[in-house]
2 protein chains.
Amino acid sequence: MILIIIFNSSRTATGHFAPVNRLRTRTANNGAIMNKRIADLNKYLADKGLKITRQREAVAQVFFDTDGHISAEELYTKVSRSYPGVGLTTVYRTLKLLKEAGLAKERRFAEDSQGVFEKEDTARHHDHLICTRCGKIVEFKEPLIEKLQEEVAQRHGFSVEDHKMELYGLCSACRTA
Amino acid sequence: MILIIIFNSSRTATGHFAPVNRLRTRTANNGAIMNKRIADLNKYLADKGLKITRQREAVAQVFFDTDGHISAEELYTKVSRSYPGVGLTTVYRTLKLLKEAGLAKERRFAEDSQGVFEKEDTARHHDHLICTRCGKIVEFKEPLIEKLQEEVAQRHGFSVEDHKMELYGLCSACRTA
DNA sequence: CCGACAACTGAAATTGATTATCATGTTCTC
DNA sequence: GAGAACATGATAATCAATTTCAGTTGTCGG
């Protein structure tokens with residue numbers, strides 16, 4: 001005997017069953033705490049005439065709950081644990097939206113590596129020290145350098161919207177080893 | 001009637017005829033001015049037990065004759081005009097060698113763009129202002145920022161080997177437009 | 001609540017820069 | 001000048017990221 005129960009699911013053309021219920025009950029819209037960043041994203045989407053979807057909220061929520069740097073692939077894995085049925089494509093697309101909305105920032109520390117993302121508000125105005133041997137990454141702030149950057153830009157008629165500064169070298173552990 | 005003349009050519013397995021003579025008579029080794037950078041490259045190759053070849057000299061020569069930034073693809077096109085029969089693969093390989101030899105530096109100004117290369121001695125200790133609208137790139141030097149970078153690194157136990165600093169914004173033309 | 005339509009989704013295909021493969025060619029050393 | 005090691009170039013492979021496309025779902029006006 002074969003018993004098949006399809007309960008409020010969305011069967012896609014390729015045979016995938018999206019766990020709609022689980023996803024829906026967990027999203028911010030349905031009772032959970034709607035944090036400010038999700039609200040910011042939703043506002044951005046509404047302003048642009050884009051749609052607020054379960055998948056976007058799921059990706060955004062997991063992203064906002066993550067500290068430090070995370071790649072699209074890693075985020076996909078992490079999202080899949082809580083909200084299976086969200087595709088890697090959607091993770092990429094949502095990260096792109098988060099960047100556009102000014103909520104995420106993309107970085108790439110090595111030429112041949114994949115991009116990593118971090119929350120814009122914690123990313124703002126900090127730069128990175130990268131150990132070329134062990135890959136260790138240290139974040140730092142240097143307001144004086146920022147000031148000089150502004151001055152240099154002004155001298156050349158530029159207005160600065162963003163900057164990237166990375167220092168490559170050896171950390172103390174690798175230098176003594 | 002079919003007449004085939006093969007004149008001191010190197011017929012590869014895929015039917016390509018490399019114009020060996022033309023290439024040879026034009027290389028630095030055969031009478032032309034051997035500039036210092038080519039000599040540096042040759043010394044590097046010799047030290048590493050690698051070989052000095054016509055192709056490597058051709059790519060290096062054209063690269064050294066180029067000012068500013070050039071991509072591997074562009075360099076390939078440019079080399080092909082003077083020295084046809086040099087493959088794109090070899091251009092990539094030679095640029096890699098030039099980097100290792102400390103004669104070239106690779107940069108990547110946009111996340112999704114191809115890498116561009118510039119001569120190391122002109123690249124050293126200068127950074128870039130990039131217009132996010134028109135793509136204009138302005139180079140600048142700011143020794144004071146370098147000094148501060150060293151200090152910051154030291155404070156975190158790092159020794160600086162290299163750095164990357166890019167300021168993104170709008171140039172005067174794009175700002176007023 | 002309903003319908004319609006534009007936006008969204010995810011799997012698979014595609015892209016594009018770069019690298020690996022491999023059969024043949026070339027350099028350099030003795 | 002013989003041989004071993006390295007180099008070459010066409011092609012295939014790689015890999016993150018994007019595009020495609022058929023099917024699905026938000027959103028807005030009634």
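Below, chain A is the first sequence line, B the second, and so on; all start at residue 1.
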- line: Students should find that the hydrophobic cluster of B:I137, defined by side-chain heavy atoms under 4.5 Å apart, otherwise consists of B:F109, B:V116, B:I130, B:Y168
query: Does the side chain of B:T90 get closer than 4.0 angstrom to OP1 or OP2 of D:dG9 through an N or O atom?
result: yes
query: In whole angstrom, what separates B:L75's CG from C:dT18's C1'?
result: 15 Å
Contacts of type ring pair (Phe, Tyr, Trp, His ring centres under 6.0 Å), residue B:H156, not counting sequence neighbours: none
query: How long is the line joining CG of B:L97 and P of D:dA7, in whole Å?
result: 8 Å
message: Please report the distance, rounded to the nearest Å, between CD in B:E100 and P in C:dT19.
response: 11 Å
query: Which one, D:dA7, C:dA7, D:dT25, comes nearest to the side chain of A:R54?
result: D:dT25
- line: Whole-Å distance, B:Y44 OH to D:dC6 P, equals 14 Å
Show me the side-chain donor-acceptor pairs of residues 169-177 of chain B shorter than 3.5 Å, one per line, residues at least two apart or across chains.
residue: B:R175; atom: NE; partner: A:S159; partner atom: OG; Å: 3.3
residue: B:R175; atom: NH2; partner: A:G157; partner atom: O; Å: 2.4
residue: B:T176; atom: OG1; partner: B:S172; partner atom: O; Å: 3.1
residue: B:T176; atom: OG1; partner: B:A173; partner atom: O; Å: 3.2

message: According to side-chain hydrogen bond (donor to acceptor under 3.5 Å, both in side chains), who are the partners of B:Q154, at least two apart in sequence or on a separate chain?
response: none
- prompt: Rounded to the nearest Å, what distance is computed from the CD atom of residue B:E57 to the P atom of nucleotide C:dT26?
  reply: 16 Å
message: From CG of B:N42 over to P of C:dT27, roughly how many Å is that when rounded to an integer?
response: 13 Å
Using residues 84-92 of chain B as the side-chain source, report each donor-acceptor pair under 3.5 Å to any protein atom, sequence neighbours left out, with the distance given to one decimal.
none

query: Expressed in angstrom and rounded to an integer, what is the separation of A:L45 atom CG from C:dA7 atom P?
result: 13 Å
field: Nucleotide nearest B:V86 (side chain, heavy atoms from C-beta), chosen from D:dG9, C:dA7, D:dA7
entry: D:dG9
query: Other hydrophobic cluster members with B:L144, side-chain heavy atoms of Ile/Leu/Val/Met/Phe/Trp/Tyr under 4.5 Å, chained?
result: A:L129, A:V138, A:F140, A:L144, A:I145, A:L148, A:V152, A:F158, A:M165, A:L167, B:L129, B:V138, B:F140, B:I145, B:L148, B:V152, B:F158, B:M165, B:L167
- request: Not counting sequence neighbours, which residues clear side-chain hydrogen bond (donor to acceptor under 3.5 Å, both in side chains) with B:E146? List them please.
  value: none
query: Among all residues two or more places apart in sequence or in another chain, which pass the side-chain hydrogen bond (donor to acceptor under 3.5 Å, both in side chains) test with B:K43?
result: B:D47
query: Do the side chains of A:F117 and A:K99 get nearer than 4.5 Å, heavy atoms only?
result: yes
Find every protein N or O atom lying less than 3.5 Å from an N or O atom of nucleotides 15-19 of chain D, and list the pairs.
residue: D:dA17; atom: OP1; partner: A:R108; partner atom: NH1; Å: 3.4
residue: D:dA17; atom: OP1; partner: A:R108; partner atom: NH2; Å: 3.2
residue: D:dA17; atom: OP1; partner: A:G115; partner atom: N; Å: 2.9
residue: D:dA17; atom: OP2; partner: A:Y92; partner atom: OH; Å: 2.7

Please enumerate all protein N or O atoms sitting under 3.5 Å from an N or O of nucleotides 2-5 of chain D, with distances to 0.1 Å.
residue: D:dA5; atom: N3; partner: B:K51; partner atom: NZ; Å: 2.8

- line: Between its two end axes (five pairs each) the helix from C:dC1-D:dG30 to C:dC30-D:dG1 turns, nearest 10 degrees, through 40°
task: Let me know the distance between CD of B:Q55 and P of D:dC6, rounded to the nearest Å.
output: 17 Å
statement: Taken in chain and number order and not counting sequence neighbours, the residues that satisfy side-chain hydrogen bond (donor to acceptor under 3.5 Å, both in side chains) with A:T77 are none
message: Under 3.5 Å, is there a donor on one side chain and an acceptor on the other for A:Q55 and A:T94?
response: no
